[in-house]
*Asks:* 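So that we are looking at the same thing, I have put the structure below in structure tokens.
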2 protein chains.
Amino acid sequence: MPSNSDLKKAGLKTTLPRLKILRILENSSVRHMTAEDVYKTLLDSGEEIGLATVYRVLTQFETARLVIRHNFEGGRSVFELNDEGHHDHIVCSECGEVFEFCDRTIEERQRWVSDQAGFVLDGHSLYLYGACEGMRKSGKCSINKRKLPTILSKAGRD
Amino acid sequence: MPSNSDLKKAGLKTTLPRLKILRILENSSVRHMTAEDVYKTLLDSGEEIGLATVYRVLTQFETARLVIRHNFEGGRSVFELNDEGHHDHIVCSECGEVFEFCDRTIEERQRWVSDQAGFVLDGHSLYLYGACEGMRKSGKCSINKRKLPTILSKAGRD
DNA sequence: ATCGTTATTGCGAATAATTATCAGTGACGT
DNA sequence: ACGTCACTGATAATTATTCGCAATAACGAT
């Protein structure tokens, strides 16, 4: 879990807005948030922080690798705390719920493909889209929104 | 390669704007184009087609599965003719060049992961980012921009 | 602790990409 | 050839995000 000292390490002053935004990302029940989500959460807590600041800070956090930015379908950015190891995402197109997973076979194979192509791999983004069980059966998403399950393949995380 | 009759099949009238946009996607030397790219190409050819129409038509083409929409980093959509089989992309972060590939192992594994998560998969996006051979060695990209190489794993395409 | 420098913030305006509105036009079945 | 209705073009509207700038607050030096 990123801490205050990570801000300094990244050359960022430890200001109140940055600390508050970091805390929201850490404590939110929703793991993937848009800038607007963060902003609204701040407003609900009675904090006085401008939307532009939220955008700025999130971008700084991304540069400092404290958060990861995703561009899911639809184009708008969502941010996720970079606290656990690397993982990919499977998103329900119906209800928008997000599963996380990390599959060693896929990870290895990506490197193999890069080698074949003469590339030195330095990042990737993988998003699977589909309909989750809950939406298919009952039309209601059954996923516990609080704790996202992580599927790790036999070999564990990368 | 999509043809005029594919428009009818998709329930779209074969109008001049649609045919022209389709032709541009087929004949362009650049495989991945933004709506703006298509619009400018039209203007350069002296065609009188509104930007809004380009957006509309591209979205219709996407729905009809004549084109594929990608959301690369940065958020703006790029469109690609859906003429060959499915493939993923490996992008050089240095020179922006795009390789295409299709790896059966990854494809299969994605389906496996979806099953585990209780999802019915219906799409995915996979982008690998790295440095291509040419950029690492000579600082110049050696990839022939016209014809993108396709790496197919042993089993051939999906 | 106080002070000064300089990064940071908040606000509102600006931009970029895309979508909506709507009156006029053209494709297509009859 | 005709009438209907999907389609188009121009423009306004939206959405997401960034910019510009004056006011403010961190943090090191005194």
Side-chain angles (χ1 to χ4, degrees), chain A residues 3-24 32-64 66-80 96, chain B residues 3-24 32-43 45-64 66-80:
Chain A
S3 68
N4 309 355
S5 62
D6 289 314
L7 290 179
K8 290 202 180 112
K9 238 183 288 174
L12 299 171
K13 286 185 180 174
T14 57
T15 65
L16 231 47
R18 294 210 260 241
L19 287 175
K20 282 172 185 164
I21 291 173
L22 193 52
R23 212 171 304 151
I24 284 179
H32 303 84
M33 306 180 79
T34 65
E36 192 95 26
D37 290 338
V38 173
Y39 177 62
K40 279 181 183 150
T41 307
L42 283 165
L43 288 189
D44 290 348
S45 324
E47 306 291 353
E48 304 254 321
I49 291 184
L51 178 57
T53 300
V54 175
Y55 274 103
R56 266 185 307 230
V57 168
L58 286 174
T59 302
Q60 292 157 352
F61 283 5
E62 183 194 12
T63 306
L66 294 176
V67 305
I68 296 169
R69 180 197 298 261
H70 297 288
N71 295 302
F72 291 147
E73 292 175 318
R76 66 199 294 178
S77 293
V78 298
F79 299 86
E80 165 186 35
Chain B
S3 67
N4 308 356
S5 61
D6 289 314
L7 290 178
K8 290 204 180 108
K9 238 183 287 175
L12 300 170
K13 286 185 181 175
T14 56
T15 65
L16 230 48
R18 287 184 184 144
L19 288 175
K20 281 172 184 164
I21 292 173
L22 193 53
R23 214 170 303 151
I24 283 178
H32 303 85
M33 306 180 80
T34 64
E36 193 94 25
D37 289 338
V38 173
Y39 178 61
K40 280 181 182 151
T41 306
L42 282 164
L43 288 189
S45 324
E47 305 291 352
E48 305 253 320
I49 291 183
L51 179 55
T53 300
V54 174
Y55 274 104
R56 265 185 308 233
V57 168
L58 286 174
T59 302
Q60 292 158 352
F61 282 5
E62 182 193 11
T63 307
L66 293 176
V67 305
I68 296 168
R69 180 197 298 262
H70 298 287
N71 295 301
F72 290 144
E73 294 173 318
R76 66 199 294 180
S77 294
V78 298
F79 299 86
E80 166 186 34

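Sequence lines set the chain letters: A, B, ... in the order given, protein chains first and strands last, and positions in each chain run from 1.
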*Asks:* Please find the pair of heavy atoms, one from A:Leu58 and one from A:Ile21, that lie closest to each other, and give the distance.
*Replies:* CD2-CG2, 4.2 Å
*Asks:* Could you state the atom-to-atom distance from CZ of A:Phe61 to P of C:dT8 in whole Å?
*Replies:* 11 Å
*Asks:* What contact category does A:Glu36 fall into here, base, sugar-phosphate, or nothing, at under 4.0 angstrom with non-hydrogen atoms?
*Replies:* nothing
*Asks:* I'd like to know whether A:Thr59 forms a side chain to side chain donor-acceptor pair (under 3.5 Å) with A:Arg56, so could you lay out the CA-CA distance, the side-chain angles of the two residues, the decisive distance to 0.1 Å, and finally the verdict.
*Replies:* CA-CA 5 Å; A:Thr59 302; A:Arg56 266 185 307 230; over 6 Å; no
*Asks:* Report the residues that fulfil side-chain contact (heavy atoms from CB on, under 4.5 Å) with A:Thr34, sequence neighbours left out, ordered by chain and then residue number.
*Replies:* A:Glu36, A:Asp37, A:Arg76, A:Val78
*Asks:* Testing the basics here: between B:Pro17 and B:Ile49, what is the closest heavy-atom pair and its distance to 0.1 Å?
*Replies:* CA-CD1, 3.6 Å
*Asks:* Which nucleotide span of DNA chain D, 5' end to 3' end, has atoms closer than 4.0 Å to non-hydrogen atoms of chain B?
*Replies:* D:dA6 to D:dT11
*Asks:* Could you give the distance from CD (A:Glu47) to CD1 (A:Ile24), rounded to the nearest 0.5 Å?
*Replies:* 7.0 Å
*Asks:* Roughly how far, to the nearest 0.5 Å, is CG of A:Leu51 from NZ of A:Lys40?
*Replies:* 10.0 Å
*Asks:* So which one's nearest nucleotide on DNA chain D is more toward 5', A:Ala35 or B:Glu48?
*Replies:* B:Glu48
*Asks:* Nearest 0.5 Å, please: how far is CG in B:Leu22 from OG1 in B:Thr14?
*Replies:* 11.0 Å
*Asks:* Measure from CD1 on A:Ile21 to P on C:dT8 and round the result to the nearest Å.
*Replies:* 13 Å
*Asks:* Is the phosphate of C:dC28 approached by B:Thr14 (side-chain N or O, under 4.0 Å from OP1 or OP2)?
*Replies:* yes
*Asks:* Check the distance between C:dA20's C1' and B:Gln60's CD and give it to me in whole angstrom.
*Replies:* 14 Å
*Asks:* Which pair of non-hydrogen atoms, one from A:Arg18 and one from A:Phe61, has the smallest distance, and what is that distance?
*Replies:* O-CZ, 3.6 Å
*Asks:* Can you name the closest pair of heavy atoms from B:Asp6 and B:Leu66 and give their distance?
*Replies:* CB-CD2, 3.6 Å
*Asks:* May I ask you to say what A:Ser77 touches in the nucleic acid, namely base, sugar-phosphate or nothing, with a heavy-atom cut-off under 4.0 Å?
*Replies:* sugar-phosphate
*Asks:* Using a heavy-atom distance cut-off of less than 4.0 Å, which residues of residues 50-59 of chain B contact DNA chain D?
*Replies:* B:Gly50, B:Ala52, B:Thr53, B:Arg56
*Asks:* To the nearest Å, how far apart are B:Lys8 NZ and C:dC28 C1'?
*Replies:* 9 Å
*Asks:* For the pair made of NZ in B:Lys20 and C1' in C:dG26, what is the distance, rounded to whole Å?
*Replies:* 13 Å
